Amino acid sequence: NGVARFLVEPPEAIKPQGNENNVDHRLVSRLCKVYAGETLIEIKPPTEGKPGLSVKGIEIPAAPGRPASFSLSRKKDKGADLILGENVAATEDGSAIAATIDGVMHRDGKRVSVSQVYEIKGDVDFSVGNIDVSGVLLIRGSVKSKFEVRASGDIYIQGTVEDAIIESGRSIFVEQGIFGNRKAILFAGADVEAACVDQANVFALGNVRARRSITHSRIVAMRVVETT
């Protein structure tokens, strides 16, 4: 049968070095960056089968292989090998799937998509204001007290989260921990991961994971709550 082979894979996590209290850059390393026109998936056609023999020595013709298929919707074709999401498209000859914008590639089961990336080079504070974007959000600094951050895609925060509101349609990753002063609210359509969680309200439709500790917090997860 035909095969869909991914040419782009998420980079492997960077292992923390030195003291465990150091910044852990593994979280942002999960960004799988791609560029417009880049081939993400190669579609290999089916090969010709070889005839076989029955127990009586009679030749059995080979059945033709099934070409790899793709769909634009989960509902339209549940038997498809691939489901094409936002900002990806098949080439004219159907031999590959490519990104149509610069962004971050996501794989969710059979579904593949690319989201636009928005980057804040420092803190979310009065110089930036509240944020509400469609796509993936990368914050190089911290989210300061009383600010609100919302994104339809993953949210990556390299600093800390104070008593702020963070809402993601996918997952939230906080490298240096959540220190919520009993007022922080984080909601994720998938997972929440942080160095630690202290005095925060965290809600996730997936998992909640902290590398060091979870203290004095309200945690609600549909799957697993754990410290690693």
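Side-chain atoms are counted along with the backbone in the values below, which use heavy atoms only and exclude waters and symmetry mates. All values derive from a computational prediction rather than experimental measurement.
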(message) Is there a continuous path of hydrophobic side-chain contacts, each under 4.5 Å between heavy atoms, that joins Tyr118 to Ile155?
(response) yes

(request) Examine distances only and state if a side-chain atom of Lys110 and a backbone atom of Ala80 form a donor-acceptor pair shorter than 3.5 Å. (result) yes

(request) Kindly indicate whether the side chain of Leu84, heavy atoms from C-beta on, has any atom under 4.5 Å from the side chain of Val112. (result) yes

(request) Kindly say whether Asp93 contributes a backbone atom to a donor-acceptor pair with the side chain of Ser95 at under 3.5 angstrom? (result) no

(request) Flag yes if Phe187 and Val220 sit in one hydrophobic cluster, no otherwise; membership is Ile, Leu, Val, Met, Phe, Trp, Tyr, and two members link when side-chain heavy atoms are under 4.5 Å apart. (result) yes

(message) Less than 4.5 Å apart, side chain to side chain, heavy atoms only: is that true for Ile166 and Ile185?
(response) no

(request) Check whether any side-chain heavy atom of Val34 sits under 4.5 Å from a side-chain heavy atom of Val114, and report yes or no. (result) yes

(message) Are the side chains of Ile178 and Asp198 in contact, using a 4.5 Å heavy-atom criterion?
(response) no

(message) Counting C-beta onward and ignoring hydrogens, is there a side-chain heavy-atom pair between Gln158 and Gln176 closer than 4.5 Å?
(response) no

(request) Decide yes or no for Glu175 and Thr160: does some side-chain heavy atom of the first lie under 4.5 Å from some side-chain heavy atom of the second? (result) no

(request) Please lay out, stage by stage, how Ile120 and Val128 fare under the test side-chain contact (heavy atoms from CB on, under 4.5 Å). (result) CA-CA 8 Å; Ile120 305 299; Val128 174; 4.2 Å; yes

(message) Under a 3.5 Å distance rule, please check whether Ser217 uses its side chain to pair with a backbone N or O of Ala200 as donor and acceptor.
(response) yes

(message) Is it true that Thr227 and Ser213 share a donor-acceptor pair across their side chains at a distance under 3.5 Å?
(response) no

(request) Please check if the side chain of Asn207 supplies one atom and the backbone of Asp191 the other of a donor-acceptor pair under 3.5 Å. (result) no

(message) Using the side chain to side chain donor-acceptor pair (under 3.5 Å) definition, which of the options Gln116, His106, Arg111 pairs with Glu86?
(response) Arg111

(request) State whether the side chain of Asn87 and the backbone N or O of Thr100 hold a donor-acceptor pair below 3.5 Å, judged by distance alone. (result) no

(request) Treat each ILVMFWY residue as a node, draw an edge where side-chain heavy atoms are under 4.5 Å apart, and state whether Ile172 and Ile131 are in one component. (result) yes

(message) Between Ser134 and Ser152 (side chain of the first, backbone of the second, donor and acceptor by atom type, cut-off under 3.5 Å), is there such a pair?
(response) no

(message) Testing the basics here: between Asp102 and Ala36, what is the closest heavy-atom pair and its distance to 0.1 Å?
(response) OD1-N, 2.7 Å

(request) Indicate the atoms forming the closest heavy-atom contact of Ala204 with Val192, along with that distance. (result) CB-CG2, 4.1 Å

(request) Give the intermediate values and the outcome of side-chain contact (heavy atoms from CB on, under 4.5 Å) for residues Leu82 and Phe6. (result) CA-CA 11 Å; Leu82 286 172; Phe6 278 82; 4.1 Å; yes

(message) Are Asp123 and Val143 packed together at the side-chain level, in the sense that at least one heavy-atom pair is separated by less than 4.5 angstrom?
(response) no

(message) Which residues pass the side-chain hydrogen bond (donor to acceptor under 3.5 Å, both in side chains) test with Glu92, not counting sequence neighbours?
(response) none

(message) Restricting to non-hydrogen atoms, name the atom on Cys196 and the atom on Ala210 that form the minimum distance, rounded to 0.1 Å.
(response) CA-CB, 4.2 Å

(message) Working note: Phe173 + Tyr156, criterion ring-ring contact (aromatic ring centres under 6.0 Å, His included); need CA distance, chi angles, decisive distance, verdict.
(response) CA-CA 5 Å; Phe173 305 98; Tyr156 298 83; 4.9 Å; yes

(request) Mind running salt bridge (charged side-chain N to carboxylate O under 4.0 Å, His left out) on Asp163 and Lys146 for me, showing each step along the way? (result) CA-CA 6 Å; Asp163 55 321; Lys146 305 294 190 298; 3.1 Å; yes

(request) Find out whether Lys144 and Phe126 are in side-chain contact, i.e. whether some heavy atom of one side chain is under 4.5 Å from a heavy atom of the other. (result) no

